[in-house]
Amino acid sequence: MAKKKILLTGDRPTGPLHLGHYFGSLLNRVRMQDEYESYIMAADVQALTDNWEHPEKVRQNVLEVITDNLAAGVDPARATLFIQSQVPQIAELTVFFANLVTVNELRRNPTIKSELAQKADLFGAEGESLTYGFLGYPVSQSADILFLRARAVPVGADQLPVIELAREVALKFNKLYGPKVFPVPESVLSPAPRILGLDGNAKMSKSLNNAIYLKDTPEETAEKIRTAKTDSEPAIGYDPEHRPEVSNLVLLYALAKDITPQEALADLGPINNSTFKPLLAQALNEHLAPIRERRRDIEGKPGYIAEVAAAGLKKVLRKAKITMRHVRKAMRIDY
Ligand code: TRP
């Protein structure tokens, strides 16, 4: 049997995961876990780069995002889940990689630039309080990916420039120190379209209070759908450009039923918003039922998440040690 390709991806534990994460990323992980040797990391060190004043929030959400992944169907028998801060080799590799990336490259990185623009409260309107840690998170993310020698990195479009940097780091390291130390990773874009917030905002997000969480109850989900923004046209439709809010709801219906938005419209007929909304709530709740059931199982087993993370850690540490032996030898620091 051919060896499976290694896949790594991560979540910043800054809040519970919502339907945007689920349809954009988690469902994809679940579907890929047989084809790839999969690793899923709670990126707590990275979350601290813009939450260093709120370590308790990061800590609490580490358990939350691991639970969300397992509830969504990531199977710890097939995929390996672990916590970034428990792998010292990632920090070590970050220091070595830091020599291979210029400050200008980081400042020009489109992901860093757009995140900085959104974080003026933390880093100043002109970036005058930008920290070394935040500016350098793409270097640390290169280490996340390369310590496992991952080839496939599923991410959202906003993260593509960070993965590009990881590719450059791998190429540069190999060129300088040894031609085959690291494979060059590739990003895998999720096929799922972008989910808007329930208020029509371009992003479903906790801070905008416009999200349906995987951990919401059926009643909470139905209530959020009931009050979601629509328009005053007589019938629902799918026209993301001109009718973004109702199109987003039709898209959610289609994703819940695993059909296209066009098929959803054909099935539903020219109904109005108030007839459609309960049907959408029902479709979502049916789709989420097995996820909620797995969550109940997990919550009924105290200590289970800790066990999964401990088993995952054991496995990745074995791999990390092997990688670091190669790295130290290549860098002539294998004293
Ligand atoms: N930066 C990613 C995000 O914000 C999270 C992440 C951390 C990640 N390390 C990673 C993703 C390694 C892919 C690979 O979503």
Side-chain angles (χ1 to χ4, degrees), residues 5-18 20-26 28-29 32-33 36-51 58 61-62 64-66 68-69 72 74 79-87 89-91 93-94 97 101 106 109-116 118-119 122 133-170 182-190 192 194-195 203-207 211 312 316 319-320 323:
K5 264 202 212 172
I6 297 178
L7 174 154
L8 173 116
T9 191
D11 302 298
R12 289 186 201 176
T14 53
L17 302 184
H18 53 60
H21 297 118
Y22 174 71
F23 287 120
S25 171
L26 297 192
N28 207 28
R29 293 175 193 178
M32 291 174 94
Q33 67 187 341
Y36 291 85
E37 180 180 330
S38 295
Y39 295 85
I40 294 169
M41 182 182 77
D44 57 345
V45 177
Q46 187 174 112
L48 286 166
T49 63
D50 59 352
N51 286 281
V58 173
N61 283 302
V62 164
E64 196 91 69
V65 299
I66 296 177
D68 282 333
N69 271 280
V74 170
T80 303
L81 296 103
F82 68 99
I83 302 170
Q84 185 184 24
S85 64
Q86 294 192 301
V87 185
Q89 290 87 350
I90 295 177
L93 209 46
T94 301
F97 288 170
V101 181
L106 292 168
N109 187 286
T111 309
I112 291 287
K113 268 171 106 169
S114 74
E115 285 186 46
L116 260 185
Q118 294 159 17
K119 294 178 201 292
L122 266 185
F134 187 79
L135 179 66
Y137 97 68
V139 182
S140 154
Q141 188 159 328
S142 303
D144 298 339
I145 296 166
L146 296 175
F147 95 96
L148 279 171
R149 315 186 82 243
R151 297 274 294 278
V153 187
V155 284
D158 56 320
Q159 284 280 306
L160 292 179
V162 177
I163 310 308
E164 184 54 38
L165 187 104
R167 291 168 59 82
E168 285 162 18
V169 167
F182 293 114
V184 180
E186 274 172 38
S187 39
V188 179
L189 258 193
S190 158
R194 179 190 282 276
I195 310 289
K203 207 169 169 169
M204 188 174 267
S205 117
K206 186 179 159 95
S207 49
V316 301
K319 298 211 152 223
T323 301

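For the numbers below, each heavy atom of this structure counts, side chains included, while hydrogens, waters and symmetry mates do not. As the structure lists them, so they are numbered: ligands from 1, and atoms in each ligand from 1.
Two residues are said to be in side-chain contact when any heavy atoms from C-beta on lie closer than 4.5 Å; Asp11 and Asn69 meet this criterion. Residues Leu7 and Glu37 have side chains not in contact (no heavy-atom distance under 4.5 Å, counting atoms from C-beta outward).
Closest protein heavy atom to atom 8 (C) of ligand 1: Gln141 NE2, 3.5 Å. Distance from atom 9 (N) of ligand 1 to its nearest protein heavy atom, with residue and atom name: Asp144 OD2, 2.8 Å. Protein heavy atom at the shortest distance from atom 4 (O) of ligand 1 is Arg12 NE, 3.0 Å.
Minimum heavy-atom separation, Ile6 to Leu148: CD1-O, 3.4 Å.
Judged by distance alone, with hydrogens and angles left aside, the side-chain atoms of Thr323 form a donor-acceptor pair with the main-chain N or O of Phe147 at under 3.5 Å. Without hydrogens or angle criteria, Arg167 side chain to Pro185 main chain gives a donor-acceptor distance under 3.5 Å.
If you look at Gln159 next to ligand 1, the close heavy atoms, those under 4.0 Å, all belong to the side chain. Contacts between Val155 and ligand 1, counted as non-hydrogen atom pairs separated by less than 4.0 Å, involve the side chain only.
For ligand 1 and Leu8, the ligand atoms under 4.0 Å from any heavy atom of the residue are 12 (C), 14 (C). Against a heavy-atom cut-off of under 4.0 Å, Val153 is close to the following atoms of ligand 1: 13 (C), 14 (C). Listed by atom number, the atoms of ligand 1 under 4.0 Å from Ala43 heavy atoms are 7 (C).
Ligand 1 has no N or O atom lying under 3.5 Å from any N or O atom of Thr9, backbone or side chain. Below 3.5 Å of separation, one finds no N or O of Asp11 facing any N or O of ligand 1. At a 3.5 angstrom cut-off on N or O pairs, Gln46 counts as close to ligand 1.
The cationic atom of Arg29 (NZ for Lys, CZ for Arg) does not lie both less than 6.0 Å from the six-membered ring centre of Tyr36 and within 45° of the ring axis.
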### Task
Determine, step by step, whether Arg12 and Glu115 satisfy the salt bridge (Lys or Arg N to Asp or Glu O under 4.0 Å) criterion, reporting the C-alpha distance in whole Å, the side-chain angles of both residues, the deciding distance to 0.1 Å, and the verdict.
CA-CA 14 Å; Arg12 289 186 201 176; Glu115 285 186 46; 3.3 Å; yes
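Under a 4.0 angstrom heavy-atom cut-off, Met41 registers as being in contact with ligand 1.
Separating the OH atom in Tyr137 from the CG atom in Leu48 is a distance of 14.0 Å, to the nearest 0.5 Å.
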